[in-house]
**Student:** 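Got a structure for you, written out below as structure tokens; questions coming shortly.
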Amino acid sequence: MSLKLLIGNKRYSSWSLRPWIAMKFFGVAFEEIMLPLYQPDSPAKVLKYSPTGKVPALVDGETVVWETLAILDYLVDKFPTLKMWPDDLAARGMARAVSSEMHAGFGPLRKHYPMNMMRDRAKPRDIPADVQANVKRIDAIWTQARAKHGQGGPFLFGAFSAADAMYAPVVSRFSSYAIPVSAVSKDYMDVIMALPAWQEWEASAAKETWIMEGNEV
Ligand SMILES: N[C@@H](CCC(=O)N[C@@H](CS)C(=O)NCC(=O)O)C(=O)O
């Protein structure tokens, strides 16, 4: 039975992008079930699959996995040959640490700069101090990962890993809000945004017609 991935609007659903881009990158076949969020009937529709009423959720037969990091780890266990975490123990430890840091943190960035893939990039915003601190930390994570473990390829830990999936929505935010970053981070962002999976997601997001109230286009 094929895997089903429940996701939200591609323009806005940052959490959905994470397992989606990982599954696409690693060639894991799945059926995409897109449920538009923020509509009056959205919670009831999502609750049919996901006990938290949130997306993403992965359905594998009778098994449902929710929470993004848990979904990625389920895929790691189900498809061990795909090597979704780095092989090297030190790299793997750091990849997991920075992925957990993403999963649990960066509240100011998430709150003030929600993902909006189609945002007009010509409208830069002032960056509040708490968001700036998040940006600085993420820039440091990307720079350190690339310097310590990035020799084998252009991604954070060389080859594409779950850590890149976890940070994909940050790439979108830094790009769409024109947030200045270091040259290393800028190069990394260009690599992510050039991925065929990224372009596929972005093309679908561009076709979405529902615009969140109060959100800049
Ligand atoms: N901790 C969750 C967060 C999931 C989440 O907040 N998803 C948002 C969409 S990006 C959602 O479903 N929002 C709808 C709602 O809260 O009603 C995860 O890791 O998957």
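Each ligand, and each atom within it, is numbered from 1 in the order the structure gives. None of the values given here were measured: they were computed from a predicted structure. If you read the sequence from its start, that first residue is 1, and numbering goes on from there.
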**Student:** Compute the minimum heavy-atom distance from Gly8 to ligand 1 and say whether it is under 4.0 Å.
**Tutor:**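 False for this residue.
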**Student:** Are Asp164 and Arg18 close enough for a salt bridge, meaning some N to O gap below 4.0 Å?
**Tutor:** no
**Student:** Does Pro43 reach ligand 1, in the sense of a heavy atom lying below 4.0 Å from it?
**Tutor:** no
**Student:** Is the closest N or O pair between His103 and ligand 1 shorter than 3.5 Å?
**Tutor:**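 His103 vs ligand 1: N/O contact under 3.5 Å present.
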**Student:** Distance check, rounded to the nearest 0.5 Å: Phe174 atom CZ versus Ile192 atom CD1?
**Tutor:**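 Nearest 0.5 Å value for the CZ-CD1 distance: 13.0 Å.
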**Student:** Salt bridge check, Asp88 against Arg92: does any charged N sit closer than 4.0 Å to a carboxylate O?
**Tutor:**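 Between Asp88 and Arg92 there is no salt bridge, as every charged N stays at least 4.0 Å from the carboxylate O atoms.
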**Student:** May I ask you to identify the nearest protein heavy atom to atom 10 (S) of ligand 1, giving residue, atom name and distance to one decimal place in Å?
**Tutor:** Ser13 OG, 3.2 Å
**Student:** Could you check atom 20 (O) of ligand 1 against the protein and tell me its nearest heavy-atom contact, residue, atom and distance included?
**Tutor:** Thr68 OG1, 2.8 Å
**Student:** Checking Tyr74 against Asp60: is there a side-chain donor and acceptor pair closer than 3.5 Å?
**Tutor:**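 There is such a pair (donor and acceptor under 3.5 Å, judged by atom type) between the side chains of Asp60 and Tyr74.
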**Student:** Indicate every side-chain donor-acceptor pair of residues 103-114 with a distance under 3.5 Å to a residue at least two apart or in another chain.
**Tutor:**
residue: His103; atom: NE2; partner: Glu67; partner atom: OE1; Å: 3.3
residue: Arg110; atom: NH1; partner: Met102; partner atom: O; Å: 3.1
residue: Arg110; atom: NH1; partner: Gly105; partner atom: O; Å: 2.8
residue: Tyr113; atom: OH; partner: Asp126; partner atom: O; Å: 2.7

**Student:** Evaluate the criterion side chain to side chain contact (heavy atoms under 4.5 Å, CB included) for residue pair Lys10 and Ser16; output intermediate values, then yes/no.
**Tutor:** CA-CA 8 Å; Lys10 287 184 171 158; Ser16 302; over 6 Å; no
**Student:** In the protein, which heavy atom is nearest to atom 17 (O) of ligand 1, and how far is it?
**Tutor:**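 Here the nearest protein heavy atom works out to Gly53 O, 4.3 Å.
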**Student:** Using a 4.0 Å cut-off to any heavy atom of Pro56, which atoms of ligand 1 qualify?
**Tutor:** 20 (O)
**Student:** So which of Leu47, Val55, Leu69 gets nearest to atom 8 (C) of ligand 1, if we judge by its closest heavy atom?
**Tutor:**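 It is Val55 that holds the nearest heavy atom.
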**Student:** Which of the listed options, Arg18, Lys54, Glu67, holds the heavy atom that is closest to atom 1 (N) of ligand 1?
**Tutor:** Glu67
**Student:** Would you indicate which of Thr52, Leu17, Leu37, Ile7 comes nearest to atom 14 (C) of ligand 1 when only heavy atoms are counted?
**Tutor:** Leu37
**Student:** With sequence neighbours left out, write down each residue that passes side-chain contact (heavy atoms from CB on, under 4.5 Å) with Thr81, or none if nothing qualifies.
**Tutor:** none
